[in-house]
Amino acid sequence: MQLYSCAYDYCANVSGDPNAKANDMPKPTKKPMKTGNGKQGARFIGHELYKKIKDYLEVYLQQCRAKIVEKDLQDEVLLDFYTKQWSDFRFSSKVLNGICQYLNRHWVRRKREEGNKKIYEISDLAFVQWKEHMLAPLSNQVTRAVLKLIEKERNGEVVNTGLIKTAVESFVQLGLKGNAPEARLLVYSQNFEHHFLAETTSYYTSESMLFLQQNPVPEYLKKAQKRLKDEQERCDKYLNESTRTELEKRCLQVLVEQHLEIFYSEFQNLLDNDKNEDIGRMYELVYRLEGGLKHLKQLLEDHIQRVGLKAVQSCAESKDSVDPKTYVQALLDVHRKYNELVNKAFDKNSLFVQALDKACTGFINKNCVSEAANNTGKSPELLAKYCNLLLKKSSRINPEEEELESILNDVMVIFKYITEKDVFQKFYRNLLASRLVNDTSVSHDLEGSMISKLKQECGFEYTSKLQKMYTDTHTSKDLNDRFQEYCSSNPAPNESMQGFSVMVLSDGSWPYSRPSSEFNLAPELRTIHERFSAFYDKQHSGRKLSWLYNQSKGEVEWSRSKPKASHRFHCSTFQLSILFQFNHRDCLTFGELQTNTMIEKDKLDQYVKQLVGFNVLAVSGSCEKDKEILLTDTVQLNLNYSNRKIRVNLALPLKSETKQETEQAHQSVKDDRMLVIQACIVRTMKSRKQLKHALLLAEVMQQLQNFQPSVPAIKKCIGILIEKDYIERLDGENDTYQYRA
């Protein structure tokens, strides 16, 4: 405080006597001595004090520099001396600045306001003197000493990082605080940062080339990753934050960008050998480069495509009959493997998620199985059949419901990549109908859950018929309960209700058409059939039932004289009607069977051959598979039939029907597509009124999500609509269409 008072008294003395105090100053006369903005004496004394401080600092710093020259200090010894002198000088300048606050507030401030920018506050004056008499002549030596220490640290030696930190801080603090941020770092940038970055580039260029010559790429990835981390820590420890961005850029350029071609060639080897950790390291390095991931993304996409096609080829031992479970599991294994890779190694990066999706879409929809069948709808067909295997009861032990739910979630992963979802819908609907009608579903809750998953993925319209089918099963159950109550309240003579149930299906929702040929129901079944029809007519007036005998089944007991030799045959309705013909006669001609049952001759031929195959019936003539049974051939009951099983299932589907159903399903999809395309064109043209041909094609392809319409198919539909007068071509503009109201 005494020093501050002395400085104050010295600066405030207008008499020119340095020993005078402020209280002893004479009072101003009527004509005070003024020149400009202050007193001439005060200005003179302020300038004298400022000059003496400046001269003292200059002499002091010259003496410090002389010691360095005298002792010939170099490298770390020089740096140690320099940093100690800087620390002492910085502290002393701060104290001196506090002592001379009066000088700063008045004389220095007035001078700077007058435009004299060479006058500084005392603290800044000290730094200016340091720059001029210490930093300027010693800059190269100090910077070189700092860079040598940093190089030693990079080489693994233990160094005194405090010296580096203090030296770097001196470069930063020597920027005058009144300047812009960029200007304040000018001393740091010119004297250290520029040299440091150049030295870093040179060091890592040499090291990376030498390391790659002596080590494999995976080891280099670890090395590069460590080096980048070290440089980040170096910034945190003793470098200015402004250096971080440029330092990272230089390191990436030298350690990664210059070796990208080597990385790309090695990336395929890493994928082939499942080196996921190394792949992750490469991703982390290349990720920081702008545009560096595009080539990696393409390499990954091509690799997944190849692996997927190879997996499908290995599971397709017989291309005519591919096992749905094996096929879908092969697809899931590939997706599961590379989905995990994308999530972990590539951190769910959107580029690689797109690569996975595109590759899976490619090999799932177009592979050797679809090419062999000459049908791009083979994958959705097999996926629907796999769902049927999961949701249908079987003799083997079915998985628990929770496990099945998880498997169905996996199925939806594959379903997401299916481009022809309408094919899946067609086959799934047919198989769902079979499970519901035959009551072979593992769980009705799982059936509803699967429909909900499809609805969430494709919308309400996609699952509307499936939902209606599911609802019909519950409605039919209530209807059967009411019919049972009705029969109990109104019993009929010689009527058996044991095991009788009916499913009433909504017309248009189920994949069944009304029977096109007549069928003569056996008298044993006719009574209960007529009873239910009458009951339903009372319950729902105005509705008409069409009986689907080809979907109906029943059980018949076959017994000989010995009670223990009885069997129960599970049969289709047509088989029941054939067997009931032998209740009163053991032998009939094939022609009599056809007359009594009114079953079509070719179908009756197959049903009889089925029963002959089970040894229930016997034919007098030849009963070869490729030879038709003649109308005059005799069909008789096999009275010597024996089987260890009590219950025997005879209701096996006809092979010709199974193959025909598959062909009809694919043909039905093609027919439905034509109608959907036409509806889309009409809807679009009604909205737009006029549209160019190319724009109409693009609009239709964009709107249709459940399948990818081909250009020829769209053109064919346009021609059909022109013939039907829905649209027309504009006169003189053949490539423009107009909607006709």
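Between the S265 side chain and the I262 main chain, a donor and an acceptor come within less than 3.5 Å of each other. At distances below 3.5 Å, not a single donor-acceptor pair connects side-chain atoms of S93 with backbone N or O atoms of S123. Distance alone, capped at 3.5 Å, is enough to place a donor-acceptor pair between the Q425 side chain and the Y462 backbone. Put simply, the side chain of S87 gets close to the backbone of T83: a donor and an acceptor are under 3.5 Å apart. Panel note: side chain N273, backbone K275; no donor-acceptor pair is recorded below 3.5 Å. A side-chain donor-acceptor contact under 3.5 Å links S170 to the backbone of A167. Of the possible donor and acceptor atoms, one in the side chain of N215 sits under 3.5 Å from a partner among the backbone N and O of F211. A donor-acceptor pair under 3.5 Å links the side-chain atoms of N367 to the main chain of V369, judged by distance alone. Listed for the N240 side chain is no donor-acceptor partner under 3.5 Å among the backbone atoms of T243. Of the possible polar contacts, one joining the S464 side chain to the E461 backbone as a donor-acceptor pair under 3.5 Å is found.
Atom-to-atom distance recorded for Q678:CD and R673:CZ is 14.5 Å, nearest 0.5 angstrom. Taken to the nearest 0.5 Å, the CG atom of L79 stands 6.0 Å off from the CG atom of L149. A distance of 4.0 Å separates NZ in K226 from CG in D230, rounded to the nearest 0.5 Å. Here the OG1-CZ distance, from T463 to R429, works out to 12.5 Å after rounding to the nearest 0.5 Å. To the nearest 0.5 Å, atoms CZ (F427) and CG (L432) are separated by 14.5 Å. Of the inter-residue distances, the one linking E401 atom CD with S449 atom OG reads 8.5 Å to the nearest 0.5 angstrom.
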H303 vs Y338, ring-ring contact (aromatic ring centres under 6.0 Å, His included): CA-CA, chis, key distance, verdict: CA-CA 10 Å; H303 176 77; Y338 290 101; 5.5 Å; yes
Step-by-step side-chain hydrogen bond (donor to acceptor under 3.5 Å, both in side chains) determination, T376 to E420: CA-CA 8 Å; T376 55; E420 299 187 3; 2.5 Å; yes
From CA spacing to verdict: salt bridge (Lys or Arg N to Asp or Glu O under 4.0 Å), E219, K223: CA-CA 6 Å; E219 291 301 318; K223 183 75 173 178; over 6 Å; no
Stepwise salt bridge (Lys or Arg N to Asp or Glu O under 4.0 Å) check, K84 with D80: CA-CA 6 Å; K84 286 181 180 178; D80 182 62; 3.4 Å; yes
Working for salt bridge (Lys or Arg N to Asp or Glu O under 4.0 Å), residues D278 and K222: CA-CA 8 Å; D278 292 329; K222 297 177 184 177; 5.2 Å; no
I718 vs L696, side-chain contact (heavy atoms from CB on, under 4.5 Å): CA-CA, chis, key distance, verdict: CA-CA 10 Å; I718 291 174; L696 179 59; 3.8 Å; yes
side-chain contact (heavy atoms from CB on, under 4.5 Å) between V423 and F707, worked out: CA-CA 8 Å; V423 178; F707 66 95; over 6 Å; no
E153/T161 under side-chain hydrogen bond (donor to acceptor under 3.5 Å, both in side chains): CA gap, chis, key distance, verdict: CA-CA 9 Å; E153 187 183 31; T161 57; 5.8 Å; no
Pair K337-D274, salt bridge (Lys or Arg N to Asp or Glu O under 4.0 Å): steps then yes or no: CA-CA 10 Å; K337 175 181 177 179; D274 298 328; 3.1 Å; yes
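For the residue pair Q703/T684, the side-chain donor-acceptor check at 3.5 Å is satisfied. Side-chain contact check for Q258 and S208: no donor-acceptor pair (N or O, by modelled atom type) lies under 3.5 Å. Side-chain contact, Q141 with Y82: no donor N or O sits under 3.5 Å from an acceptor N or O. Side-chain contact annotation: T419 with Q708, donor-acceptor N/O pair under 3.5 Å absent. Inspection of the Y204 and E231 side chains reveals an N or O donor paired with an N or O acceptor under 3.5 Å. With hydrogens and angles left out, the side-chain atoms of N409 and K453 include a donor and acceptor closer than 3.5 Å. Residues T166 and Y238 have side chains that never bring a donor and an acceptor to within less than 3.5 angstrom of each other. Q225 and E284 form a side-chain donor-acceptor contact under 3.5 Å, judged by distance and modelled atom types alone. For the residue pair Y203/N155, the side-chain donor-acceptor check at 3.5 Å is satisfied.
Contact annotation: the side chain of R154 approaches that of R234 to within less than 4.5 Å [non-hydrogen atoms, C-beta and beyond]. Residues L454 and I451 are not in side-chain contact: their nearest non-hydrogen atoms beyond the backbone lie 4.5 Å or more apart. Here the side chains of M412 and L408 are not in contact, with every heavy-atom distance at 4.5 Å or above. Contact check for L135 versus F171: side-chain heavy atoms found under the 4.5 Å cut-off. Inter-residue side-chain proximity for L332 and I414 is flagged as met; some heavy-atom pair is nearer than 4.5 Å. Here the side chains of F196 and T143 are not in contact, with every heavy-atom distance at 4.5 Å or above. Looking only at side-chain heavy atoms (C-beta outward), R244 and D236 come within less than 4.5 Å of each other. E169 places a side-chain heavy atom less than 4.5 Å from the side chain of R90.
Between Y188 and F192, the angle of the ring planes lies from 30° to 60°, which puts this pair in the tilted group. Ring pair Y283/Y287 is tilted by interplanar angle, where 30° to 60° counts as tilted. Ring geometry for H259 versus Y220: interplanar angle over 60°, hence perpendicular rather than tilted (30 to 60°). The aromatic rings of W130 and F89 lie tilted to each other, with the angle between the two planes from 30° to 60°.
Minimum heavy-atom separation, A345 to N276: CB-O, 3.8 Å. Taking all atoms of both residues into account, the shortest heavy-atom contact from C387 to Y428 is CB-CE1, 3.8 Å. Contact between C368 and V312 at its shortest, heavy atoms only, is SG-CG1, 3.9 Å.
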Distance-only donor-acceptor pairs under 3.5 Å for side chains of residues 351-362, two or more places apart:
from	atom 1	to	atom 2	distance (Å)
D357	OD1	Y417	OH	2.7
T361	OG1	D357	O	2.7

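Proximity of the aromatic rings of W86 and F81 is defined here by a centroid distance below 6.0 angstrom, and this criterion is not met. Checked against the 6.0 Å centroid threshold, F415 and F424 count as a close aromatic pair.
Between R688 and E699 there is a salt bridge, with a side-chain nitrogen of the basic residue lying less than 4.0 Å from a carboxylate oxygen of the acidic one.
Only one option out of E207, E248, E233 pairs with R227 in a salt bridge (charged side-chain N to carboxylate O under 4.0 Å, His left out); it is E207.
Judged as a ring-ring contact (aromatic ring centres under 6.0 Å, His included), and not counting sequence neighbours, H195 has no contacts.
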